[in-house]
Every structure is written in structure tokens, then in C-alpha cells.
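Below is one structure, written out as C-alpha cells; the observations come after it.
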Amino acid sequence: MKETGHVPVLYRETLTALELEPGNIIIDGTLGGGGHARGILEAVSPNGRLIGIDRDAAAIERCRERLDRYRGMLTLVHDDFKNVRKILDSLAVQEIDGAVLDLGVSSFQLDEGERGFSYQADAPLDMRMDRTNEFCACDVVNGYSEDELHRVIKEYGEERWAARIAKFITEERKKKKIETTGELTEIIKQAIPAAARRDGPHPAKRTFQAVRIEVNGELTGLREALEDYVSVLRSGGRFAVITFHSLEDRIVKQTFRKLFEPCECPKDFPVCVCGKVSQIKIITKKPIQPGQEELGKNPRARSAKLRVVEKR
Ligand SMILES: C[S@@+](CC[C@H](N)C(=O)[O-])C[C@H]1O[C@@H](n2cnc3c(N)ncnc32)[C@H](O)[C@@H]1O
Ligand SMILES: [Zn+2]
């Protein structure tokens with residue numbers, strides 16, 4: 001979602017923040033179109049290495065072609081970036097010099113209408129980033145109870161009409177299984193009162209985001225994964241994370257704060273006795289956001305936020 005016309009979001013900012021040097025070993029956990037990856041490969045050339053991960057096999061294949069000239073420096077891994085420890089073990093890599101995660105969906109995924117990520121194209125309800133998984137949007141929309149749908153749409157979509165949307169979905173599917181993004185979009189439109197639909201983003205935006213997050217388990221285990229990335233960084237190594245919505249950004253911000261100030265002693269203790277020591281320095285006190293120039297070229301970047309930390 002955060003790159004259009006294959007211009008990666010916050011590209012310069014991310015590359016600068018990583019403080020790359022030739023010879024570095026870097027992980028890009030969200031390869032997507034390989035935009036950030038290409039910049040990283042250039043910067044760590046000629047003897048560095050990029051371990052590029054994506055759970056979407058199409059992204060891996062695209063990068064295999066696009067980044068062919070860096071073949072000798074690039075290791076492509078079709079997996080969930082959350083498995084970073086297992087992945088590094090299997091490659092016999094103990095420590096890395098830096099890592100980047102650019103969370104969410106890619107513009108390729110959105111633009112490939114038939115994958116069902118977009119309410120702008122009519123397609124089967126799919127939304128799987130990893131098409132080797134079986135669980136898809138159709139299972140959420142047709143299989144979850146009204147309560148479960150309510151929770152997902154409210155929590156992951158931050159949608160104030162979640163209860164009505166969940167009710168309308170469960171009513172509609174009694175008549176007929178809901179099979180396409182077009183059908184779901186129509187139901188959402190009926191559920192949200194016309195007055196509330198008049199301004200703001202597309203009425204289906206929040207619900208689609210919610211279902212997508214649920215299908216792909218995007219927030220599940222994210223905190224632990226961020227901790228794992230910090231744990232495999234060498235001292236002085238940088239970790240950059242780009243988020244696209246407030247739920248993700250909150251998790252990133254809180255996890256980094258905890259790694260920075262891990263002490264769990266009661267506030268009135270004169271000295272720390274828990275012994276937990278700070279693991280990182282926070283490089284971005286406030287998240288970096290796209291400037292006017294980037295927003296002019298790429299409106300999709302609007303809600304992107306970059307947070308960077310350094311391992312102590
Ligand atoms: C926003 S795009 C990345 C764009 C990329 N930075 C670029 O410059 O082209 C996010 C990518 O991360 C992948 N992705 C999302 N969550 C993932 C996960 N848990 N494990 C592996 N890949 C994931 C998606 O399949 C998608 O291709
Ligand atoms: Zn303490």
C-alpha cells in the first residue's frame with residue numbers, strides 16, 4: 001500500500017536511518033516490489049548481503065527478476081517475517097547489521113484486483129497475502145458469528161458502524177453466501193447511514209482493512225516479532241519500521257518504549273531491583289512522516305510513519 005508506481009514510501013528517510021555500509025548483512029522482512037531492497041543492496045555492495053522475506057510468493061518471484069543483478073548478494077525467503085529467528089538459524093546467520101519492515105499490503109497486491117484486497121475491483125473474497133494458506137476473507141465473512149464480526153470490524157477497522165455492518169452481513173448471508181468484494185461493499189453501504197457516508201474515505205475502507213488484518217493475522221505476534229528483530233541485531237545496528245495505520249503504529253511505539261525502558265520495579269523504589277536493562281536507543285522520538293513532496297507524488301503515503309531504533 002505504501003508504494004505507488006513502485007516508489008517506496010519514505011525511501012530516502014529509511015535508507016538514511018539504517019546507516020548502511022558496504023559489507024552489511026541486512027534483513028528486509030517485507031520485500032514487496034523490492035523498492036527498499038534495491039536501495040539497501042546498492043548501499044551494502046559489493047560484498048554485503050540482503051535477506052529478503054515475503055509471505056507472498058508473487059513478491060518473491062518479482063524480486064527474483066527485478067533484483068537479478070544483485071543475485072550473489074541476495075537471499076530470498078518465502079515465509080512470514082515473524083519467523084526471523086528460525087530463518088536466520090536455517091541460514092546459519094547469528095547477527096545482522098540492520099533490518100527494515102514496511103508493514104501492510106503492497107500496491108501490487110491492491111492493484112491485482114483478483115486478489116480481493118480492494119473494494120475498487122470486484123473479485124472473490126480472498127485477501128490472503130500468502131496464497132498457500134487456506135483461510136481467506138470468505139471464511140471470515142461467511143463463517144464468523146455476528147459477535148466475532150463485530151469485534152474484528154470494530155477493533156481492526158476502528159469502524160463506528162461495526163455492529164450494524166456485522167448485523168447486515170449475517171442477515172445477508174442467510175439468503176446467500178457472500179462471495180465477492182462487490183457484494184460485501186454493497187452490504188457495507190447499506191449498513192452505514194447515508195449521512196455518515198457523505199464525507200470521508202470510502203465506506204468500505206475500514207471494514208476491508210479489518211477483514212484483511214484478520215485473514216493475515218497481521219497484528220498477532222507482532223510485538224514478539226519486533227523483539228526478535230532487536231534480539232538478532234548487533235550492537236549499534238539499526239531497525240526501521242514503517243506502519244500504515246494507528247493500530248500497528250501503537251504496537252511498534254509501545255514495544256520500542258518497553259525495550260528502551262524495561263524496568264518493572266514499582267515507581268516508589270529508590271533503585272531498580274528487577275535488573276532489566278535497556279536494549280535500544282530510540283532514534284526517532286517522533287515518527288518520521290512523508291513530506292509535502294512525497295505526498296504530492298503519492299497520496300497513498302499519507303498515513304505512513306517510520307520509527308527507528310538502535311541496538312545498544
Ligand atoms: C508495503 S509492502 C512492502 C513494499 C516494499 N518495501 C517495497 O519497497 O517495494 C508489504 C509487503 O510485505 C508483505 N508482508 C506483510 N506481512 C508480512 C509478514 N508477516 N511476513 C512476510 N511478508 C509480509 C506483503 O506480502 C507485501 O508484499
Ligand atoms: Zn527495575
Side-chain angles (χ1 to χ4, degrees), residues 1-15 18 26-42 50-63 65-67 76-84 86-87 99-112 115 117 126-133 209 212-226 228-229 240-245 248 251-252 258 260-278 294 298 300-301 303-306:
M1 182 108 153
K2 289 169 262 95
E3 23 106 35
T4 299
H6 318 320
V7 185
V9 162
L10 292 165
Y11 178 75
R12 263 299 125 224
E13 293 84 346
T14 305
L15 286 184
L18 289 172
I26 308 293
I27 297 183
D28 181 344
T30 51
L31 266 183
H36 288 107
R38 182 186 299 274
I40 294 169
L41 283 159
E42 275 300 317
L50 179 72
I51 299 165
I53 307 169
D54 205 295
R55 72 202 321 203
D56 184 343
I60 296 289
E61 286 322 308
R62 190 175 302 115
C63 287
E65 276 174 32
R66 289 194 163 180
L67 304 174
L76 293 169
V77 183
H78 177 222
D79 202 340
D80 190 318
F81 68 67
K82 291 169 189 156
N83 297 326
V84 60
K86 187 196 83 186
I87 294 167
V100 60
L101 295 177
D102 176 12
L103 300 173
V105 275
S106 68
S107 53
F108 290 101
Q109 291 165 333
L110 279 178
D111 294 343
E112 278 175 30
R115 298 194 57 177
F117 286 107
D126 185 334
M127 301 198 200
R128 287 169 301 165
M129 288 182 185
D130 185 343
R131 285 195 271 190
T132 64
N133 289 343
Q209 171 183 301
R212 192 201 87 210
I213 290 175
E214 178 70 10
V215 168
N216 296 291
E218 288 175 47
L219 303 181
T220 314
L222 181 58
R223 196 176 298 272
E224 294 75 11
L226 296 171
D228 283 347
Y229 276 84
V241 184
I242 304 172
T243 60
F244 199 66
H245 54 77
E248 263 170 356
I251 294 176
V252 175
K258 190 91 184 100
F260 173 60
E261 274 179 337
C263 172
E264 285 169 350
C265 298
K267 286 230 173 4
D268 55 352
F269 274 32
V271 289
C272 167
V273 295
C274 78
K276 299 217 161 114
V277 293
S278 178
E294 177 167 1
N298 180 9
R300 276 180 183 176
S303 37
K305 287 187 177 160
L306 167 67

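Remember, it's 1-based here, ligands and their atoms both numbered in the order they're listed. What you see is a predicted model, and the numbers here were worked out from it, not measured in a lab.
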Q: Return the set of protein N, O or S atoms whose distance to the Zn ion (ligand 2) is under 2.8 Å, each given as residue and atom.
A: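 Within the sphere that stays under 2.8 Å of the Zn ion (ligand 2), the protein atoms of type N, O or S are C263 SG, C265 SG, C272 SG, C274 SG.
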Test your reading of the structure: does [X] have an N or O sitting under 3.5 Å from an N or O of ligand 1?
X: Q109; result: yes
X: G35; result: yes
X: G33; result: yes
X: D54; result: yes
X: K82; result: no

Q | Proximity winner for atom 5 (C) of ligand 1, if only heavy atoms of V7, N83, L31 are counted | A |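 Looking at heavy atoms only, L31 sits closest to atom 5 (C) of ligand 1.
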Q) Heavy atoms only: which of S106, A57, G217 is nearest to atom 2 (S) of ligand 1? A)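 Result: the heavy atom closest to atom 2 (S) of ligand 1 is in S106.
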Contacting atoms of ligand 1, where contact means under 4.0 angstrom from a heavy atom of [X]:
X: D79; answer: 20 (N), 21 (C)
X: D56; answer: 25 (O)
X: G29; answer: 21 (C), 22 (N)
X: D80; answer: 18 (C), 19 (N), 20 (N), 21 (C)
X: M129; answer: 14 (N), 15 (C), 16 (N), 24 (C), 25 (O)
X: P8; answer: 8 (O)
X: G34; answer: 7 (C), 9 (O)
X: D102; answer: 1 (C), 2 (S), 3 (C), 4 (C), 5 (C), 6 (N), 10 (C)

(Q) Looking at every non-hydrogen atom in both residues, tell me the closest pair between A37 and L50 and how far apart they are. (A)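 Where A37 meets L50 most closely, the heavy atoms are CB-CD2, 3.5 Å.
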Q | Closest contact, heavy atoms only, C272 versus C265 | A |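 So the minimum-distance heavy-atom pair works out to CA-SG, 3.8 Å.
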Q: With sequence neighbours left out, write down each residue that passes side-chain contact (heavy atoms from CB on, under 4.5 Å) with E214, or none if nothing qualifies.
A: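 Once residues adjacent in sequence are excluded, the partners of E214 under the side-chain contact (heavy atoms from CB on, under 4.5 Å) criterion are V140, Y144, R151, V152, Y156.
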(Q) Can you tell me which portion of E218 lies within the under-4.0 Å heavy-atom range of ligand 1? Options are side chain, backbone, both, or neither. (A)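 Contact part for E218 vs ligand 1: neither.
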Pair [X] + [Y], salt bridge at N-O below 4.0 Å:
X: R128; Y: D126; answer: yes
X: R115; Y: D56; answer: yes
X: D111; Y: R300; answer: yes

Is [X] reaching over with its side chain to a backbone N or O of [Y], donor-acceptor style, under 3.5 angstrom?
X: R38; Y: R66; value: yes
X: E218; Y: G104; value: no
X: N298; Y: E294; value: no
X: D228; Y: N83; value: no

Q | Separation between CG of L67 and CG of L41, rounded to the nearest 0.5 Å | A |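 Here the rounded value is 6.0 Å.
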Q: Calculate, to the nearest 0.5 Å, the distance between atoms OG1 and CG belonging to T30 and D80 respectively.
A: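 That separation rounds to 11.5 Å.
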Q. Got D102 and P8 here, is their nearest side-chain heavy-atom distance under 4.5 Å?
A.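 No. Closest side-chain heavy atoms not under 4.5 Å.
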Q: Assess whether atom CD of E224 is packed by more than 12 heavy atoms of other residues, nucleotides or ligands within 6.0 Å.
A: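 Yes, because the 6.0 Å sphere around CD of E224 holds more than 12 heavy atoms from other groups.
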